[in-house]
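Quick note: residue numbers are just sequence positions, from 1.
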Amino acid sequence: MDFRDDVNLDASQVQDTGGRGGGGFPGGSGGMVIGGGGVVTLIAFIVLALLNNAGGEPEPAQRQPPANLAQQCRTGKDADQSEKCQVVGVVNSIQDYWKTELPEYTLAKTVLYSGGVRTACGAADSSVGPFYCPGDQRVYLDLTFFDQLRSQFGAQGGPFAQAYVIAHEYGHHVQNLLGGLEGGSSVATELQADCYAGAWTKNAYEGGFYEKQFTDADIAQALDAAAAVGDDRIQRRSGGRVDPESFTHGSSKQRVAAFQRGYDTGDPDRCAPAGLV
Ligand SMILES: [Zn+2]
């Protein structure tokens with residue numbers, strides 16, 4: 001999924017906070033405080049990450065200064081060469097799509113963090129995966145998540161799996177703008193976000209950020225990631241019994257089908273939650 005070398009990136013859509021700043025979080029137990037009326041939507045694997053982390057010492061965070069993305073990520077060529085610039089390229093493409101698709105769309109920043117981050121939805125540390133916070137309308141991303149996707153969840157990983165995860169989180173931003181998150185997160189809203197990710201995937205090439213149409217191999221990576229983070233798969237891997245009552249993201253099969261619906265139709269209007277659950 002190469003970016004076009006000469007396409008200009010808008011690095012202001014992504015903010016790098018660098019490593020954990022002074023202070024850290026009290027407790028450091030891997031907890032997530034949900035407050036301020038915000039609904040936090042998290043990828044389901046977090047549940048497992050929290051369980052795995054319980055009682056363990058948090059990994060010592062690297063203290064890195066924030067990257068100057070405006071300087072480092074100017075064009076698609078930069079996006080092909082650095083992971084952070086690749087995130088900028090993906091975020092730019094996703095938001096470019098939604099701006100044309102949805103008149104009421106407003107830009108939402110992605111915040112890259114490592115170690116810990118404070119949000120309007122509470123404090124999060126590294127064990128928390130990618131999430132969207134409606135309270136401050138930002139997507140939060142710790143890049144080590146993508147290593148975990150491979151090692152803990154058995155996904156093949158790869159750049160397109162990463163793009164899918166980011167597109168899913170922006171799907172929650174779209175839901176927030178449309179009032180769809182008012183009842184909180186549910187299987188239906190999660191599947192709709194997957195469907196939105198599929199719709200972007202179908203239309204991304206038209207936006208001019210990418211060199212070529214996505215290939216079947218790219219799509220396979222996304223579907224593989226979607227399947228890997230299905231709740232049934234996660235519960236099996238964590239040794240738990242599969243209990244549909246506790247599903248929050250949908251089964252692997254449902255998630256793949258939801259992504260596929262968006263991809264096949266290329267039309268977010270076909271992503272009504274009622275048709276996906
Ligand atoms: Zn989600």
Side-chain angles (χ1 to χ4, degrees), residues 1-21 43 61-101 105-119 124 126 128-133 136-150 157-174 196-197 200-201 203-215 218 221-222 225:
M1 55 178 291
D2 288 346
F3 287 89
R4 281 178 42 194
D5 280 357
D6 59 349
V7 71
N8 286 318
L9 301 184
D10 175 7
S12 72
Q13 295 180 21
V14 178
Q15 181 191 345
D16 185 30
T17 64
R20 185 189 292 249
I43 270 207
Q62 304 244 336
R63 287 170 191 276
Q64 297 167 324
N68 184 339
L69 299 181
Q71 217 166 60
Q72 290 172 18
C73 311
R74 294 172 190 271
T75 65
K77 198 170 182 179
D78 300 324
D80 285 334
Q81 281 163 2
S82 116
E83 192 180 21
K84 285 178 179 176
C85 298
Q86 182 178 295
V87 172
V88 173
V90 170
V91 168
N92 284 178
S93 168
I94 293 167
Q95 300 212 94
D96 176 74
Y97 168 64
W98 285 110
K99 268 191 306 194
T100 57
E101 190 63 37
Y105 189 79
T106 55
L107 292 176
K109 257 192 219 289
T110 284
V111 178
L112 297 177
Y113 73 96
S114 139
V117 66
R118 288 179 193 283
T119 82
S126 272
V128 173
F131 64 97
Y132 171 73
C133 171
D136 54 26
Q137 303 203 353
R138 281 164 192 228
V139 171
Y140 291 90
L141 202 58
D142 182 337
L143 290 175
T144 59
F145 167 76
F146 299 105
D147 303 327
Q148 287 177 13
L149 197 59
R150 277 188 294 273
F160 203 83
Q162 186 165 351
Y164 151 74
V165 168
I166 297 170
H168 172 99
E169 297 309 331
Y170 274 92
H172 289 312
H173 178 54
V174 169
Y196 284 164
W200 164 74
T201 303
N203 292 286
Y205 174 70
E206 309 293 320
F209 284 87
Y210 292 98
E211 188 73 43
K212 292 179 293 216
Q213 289 276 12
F214 296 132
T215 62
D218 294 328
Q221 273 181 14

TODO: Taking Thr17 for its side chain and Leu112 for its backbone only, find out whether a donor-acceptor pair lies under 3.5 Å.
DONE: yes
Open item on the list: Could you tell me if the side chain of Phe3 sits less than 4.5 Å from the side chain of Gln86, heavy atoms only?
Closed with: yes
Open item on the list: Using every non-hydrogen atom in the two residues, find where Leu9 and Gly89 come nearest and quote the distance to one decimal.
Closed with: CD2-CA, 4.0 Å
Open item on the list: So which atom in Val111 and which in Val117 form the shortest heavy-atom distance, rounded to 0.1 Å?
Closed with: CG1-CG2, 4.4 Å
TODO: Look only at the side chain of Lys77 and the backbone of Asp6, and say whether a donor-acceptor pair between them is shorter than 3.5 Å.
DONE: no
TODO: For residues Phe160 and Thr201, determine if any side-chain heavy atom of one lies less than 4.5 Å from a side-chain heavy atom of the other.
DONE: yes
- [ ] For residues Gln137 and Tyr132, determine if any side-chain heavy atom of one lies less than 4.5 Å from a side-chain heavy atom of the other.
- [x] yes
Open item on the list: Could you report the tightest heavy-atom contact between Arg74 and Gln71, atom names first, then the distance?
Closed with: NE-O, 3.2 Å
- [ ] Give a yes or no answer on whether the side chain of His173 reaches the backbone of Thr106 with a donor-acceptor pair at less than 3.5 Å.
- [x] yes
Open item on the list: Is there a side-chain contact (heavy atoms from CB on, under 4.5 Å) between Val139 and Val91? Walk through the geometry before answering.
Closed with: CA-CA 10 Å; Val139 171; Val91 168; over 6 Å; no
Open item on the list: Could you measure the distance from the NE2 atom of His172 to the SG atom of Cys133? Nearest 0.5 Å is fine.
Closed with: 12.5 Å
- [ ] Taking the six-membered ring for Trp and the full ring for Phe, Tyr or His, determine whether the centres of Tyr205 and Tyr210 are under 6.0 Å apart.
- [x] no
- [ ] Answer whether the closest heavy-atom distance between the side chains of Leu141 and Pro130 falls below 4.5 Å.
- [x] yes
TODO: Using the side-chain contact (heavy atoms from CB on, under 4.5 Å) rule, take Asp218 and Gln213 through it: C-alpha gap first, then chi angles, then the decisive distance, then the call.
DONE: CA-CA 10 Å; Asp218 294 328; Gln213 289 276 12; over 6 Å; no
Task: Gap between atom NE2 of His168 and atom CZ of Phe131 - 0.5 Å precision - done: 13.0 Å
Open item on the list: Does any part of the side chain of Leu143, heavy atoms only, come nearer than 4.5 Å to the side chain of Lys84, both counted from C-beta?
Closed with: yes
TODO: Look up atom CD in Gln15 and atom CZ in Arg138, then write down how far apart they are to the nearest 0.5 Å.
DONE: 5.5 Å
Open item on the list: Quick check: do Thr110 and Tyr170 have side-chain heavy atoms less than 4.5 Å from each other?
Closed with: yes
Task: Closest heavy-atom pair and its distance - Gly208, Val7 - done: O-CG2, 3.7 Å
Task: For Asn8 against Phe209, the heavy-atom pair lying closest together - done: O-CE2, 4.0 Å
Task: Qualifying side-chain hydrogen bond (donor to acceptor under 3.5 Å, both in side chains) pairs with a residue from residues 90-99, counting only residues at least two apart or across chains - done: Gln13-Asn92, Gln13-Gln95, Ser93-Trp200, Gln95-Tyr105
